[in-house]
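Scroll down for the structure; my scribbles are underneath it.
Below, each value reflects all heavy atoms present in this structure, side chains not excepted, and no hydrogens, waters or symmetry copies. We name chains A, B, ... by the order of the sequence lines, and we start the count at 1 in each one. Everything numeric in this text was worked out from a predicted model, so none of it was measured.
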There are 2 protein chains.
Amino acid sequence: MLHCDLVSYIRLDWTVWRRWRIKRTIPPSQIVAMSASSSRPAAELPGRQPLYAQVRERIVQGIEQGEWDAGEALPSEFELADRFGVSQGTVRKGLDSLVGEGVLLRRQGLGTFIAQVDDDWGKAELPGVERALDTSLELLACARGNAGEEAAAALGLRRGMALLTVKRLVRVGGEPFAVIESYVAADRFDGLDARRIKQANCNLRTVWWREFGLRVVSSSPQFRAGVAGREEARLLGVDVDSPLLEVARIAGGLTSAPVEWSVLRCRTDRYVYRV
Amino acid sequence: MLHCDLVSYIRLDWTVWRRWRIKRTIPPSQIVAMSASSSRPAAELPGRQPLYAQVRERIVQGIEQGEWDAGEALPSEFELADRFGVSQGTVRKGLDSLVGEGVLLRRQGLGTFIAQVDDDWGKAELPGVERALDTSLELLACARGNAGEEAAAALGLRRGMALLTVKRLVRVGGEPFAVIESYVAADRFDGLDARRIKQANCNLRTVWWREFGLRVVSSSPQFRAGVAGREEARLLGVDVDSPLLEVARIAGGLTSAPVEWSVLRCRTDRYVYRV
DNA sequence: CAGTGGTCTAGACCACGAC
DNA sequence: TCGTGGTCTAGACCACTGT
């Protein structure tokens, strides 16, 4: 077998060789042609979307159905190409957007990997210095409550529906820097508790992914200047009514509706905030 | 000539035909081969950068040297490909990044255009509503001054160097919403005055582009919560010491060093701010 | 050295928009 | 109609990484 392979290798181009290897290795049942014909592919497809968009869609489905775990490698571009019945270049273009969104990671010579998920709030920086400082998360509370005006509107829920509220403290260099309040629909995340959140280092997206199989991406944040209430002042070590930066955003699945509404409130007397 | 072209068209593929037309149309002196050989291009190039990156570089140079005006169309992808001695796909990939940055605009069936420049601060929105509101700019002041600590550091200047300060008011739906202070090195923008700024609808980037041939892009902004001083309170119609959102950023040429340091201060009691 | 991502080409065809 | 961007393929080769 090895000898045979080598002999073929000498006579074939690398690309041809790789396609051939894949054809021989993976069971034919997995090879699902996406295009009806090979010569004029895009025009005759049902979804009327470019092939690369369909590739993207398939990969997203795979991720959402838990086909691959975080950190795991996808099949190689050539294998995916064969599986979907398209060329490597098309697969590549399809993956490009997911790589751009940070869902996938490419490492030359190694493969394409499902990115680790993290909450990915902005960075605290010293004014004028671009270097991000190291931050840590601490769980303050995880409780049931009812949907307030703002959270309900953002998540498309009726007022008064049951929500879970998760409150966390962000430390920068050990010092309190920000409070994050996150709201999710209680029925969707049944069984969420403090233990599970702490297991994931207080990283909510890791929880959504590990415990609920949900890969979440954020919308672009909204900014507002606010003032510290009593509790925030106590937690962050600032005076009541001193100005706080508020950053709010909605997060949802790659294809599905919004599931999480979060507000970060941070002091910006020492550090500045950057997305 | 027309007849001859048509006869050729029947016998040739579209792509071949287009390349042939271009070869015949443009003077050969403009055709500058980027690659040393046609079969193994990337490996033997001086800059050791991918061809598409070099294409991007060339286009950026063309833009900065004023080869095309804002709104004007670039040569077609095929013509650029021939001019640079690469294939259309490579030109396309080279342009992709500039399109992504908003420097170029592609319109299918029409061509690729140099995008209009504008100051492109974020949008004011009603909370929960994604629709951007219409804004207008008003010039408050344009004066000489010396570089303060922050502006000097951002622009890489010595303290005390001459700066120009441009102060503008942003209105949203007619109501005062924000004050923008911009600082640039005076020697670089000699002859800048209120008249020229007003001619460009108070849009500084339009001025840099039209009057000084400088295409400017911004770094990602820094955020901070501040309070209204006496002047800001008066201009924005809020109380002194009421919280204001501060957004600061550096802007520079596509290839060159930072030239502009700007701070926007806005009230966020009615509207929220989004990048 | 084998396998993966990364770049590049030539050629084909489609979709759009102005004339 | 015709020129433009947009998509796709097959094939070639390079660059990197772990074994």
### Message
Can you see if the side chain of B:Thr112 gets near the phosphate of D:dG5 - specifically, an N or O under 4.0 Å from OP1 or OP2?
### Response
yes

### Query
Closest nucleotide of DNA chain D for A:Gly89 versus for B:Gly109: which of these residues is on the 5' side?
B:Gly109

### Message
Can you pull out the residues from residues 90-107 of chain A that lie within a 4.0 Å heavy-atom distance of DNA chain C?
### Response
A:Arg92, A:Arg106, A:Arg107

### Query
Can you check the A:Phe113 CZ to D:dC16 C1' distance for me, whole Å?
13 Å

### Query
How long is the line joining CG of A:Leu51 and P of C:dA12, in whole Å?
19 Å

Expected list for residues 94-101 of chain A: side-chain donor-acceptor pairs under 3.5 angstrom, two or more places apart:
| residue | atom | partner | partner atom | Å |
| --- | --- | --- | --- | --- |
| A:Asp96 | OD1 | A:Arg106 | NH2 | 2.2 |
| A:Ser97 | OG | A:Arg56 | NH1 | 3.2 |
| A:Ser97 | OG | A:Gly94 | O | 3.3 |
| A:Glu101 | OE2 | A:Arg56 | NH1 | 2.7 |

### Query
Within this structure, what is the CZ-to-P distance between B:Phe78 and C:dC13, rounded to whole angstrom?
13 Å

### Query
Does B:Tyr52 place a side-chain N or O at less than 4.0 Å from the phosphate oxygens OP1/OP2 of C:dC8?
no

### Task
May I have the distance from A:Gln49 (atom CD) to C:dC14 (atom C1'), rounded to whole angstrom?
16 Å

Which atom pairs, one a donor and one an acceptor, fall under 3.5 Å between side chains of residues 204-213 of chain B and the rest of the protein, sequence neighbours left out?
| residue | atom | partner | partner atom | Å |
| --- | --- | --- | --- | --- |
| B:Arg205 | NH1 | B:Ser218 | OG | 3.3 |
| B:Arg205 | NH2 | B:Ser218 | OG | 2.3 |
| B:Thr206 | OG1 | B:Val117 | O | 3.4 |
| B:Trp208 | NE1 | B:Glu260 | OE1 | 2.8 |
| B:Arg210 | NH2 | B:Gln199 | O | 3.4 |
| B:Glu211 | OE1 | B:Arg196 | NH1 | 2.7 |

#### Entry: Interatomic distance, A:Arg56 CZ vs D:dT7 P [rounded to whole Å]
14 Å

### Task
Using a 4.5 Å cut-off on heavy atoms from C-beta on, say whether the side chain of A:Leu74 contacts that of A:Phe113.
no

#### Entry: Any side-chain heavy-atom pair of A:Trp121 and A:Ile180 under 4.5 Å
yes

### Query
Do A:Val60 and A:Glu64 have side chains that get closer than 4.5 Å, going by heavy atoms?
yes

### Task
Pick base, sugar-phosphate or nothing for B:Gly111, based on heavy-atom distances below 4.0 Å to the nucleic acid.
sugar-phosphate

### Message
If I take atom CD from residue B:Glu125 and atom CD from residue A:Gln222, how far apart are they, to the nearest 0.5 angstrom?
### Response
6.0 Å

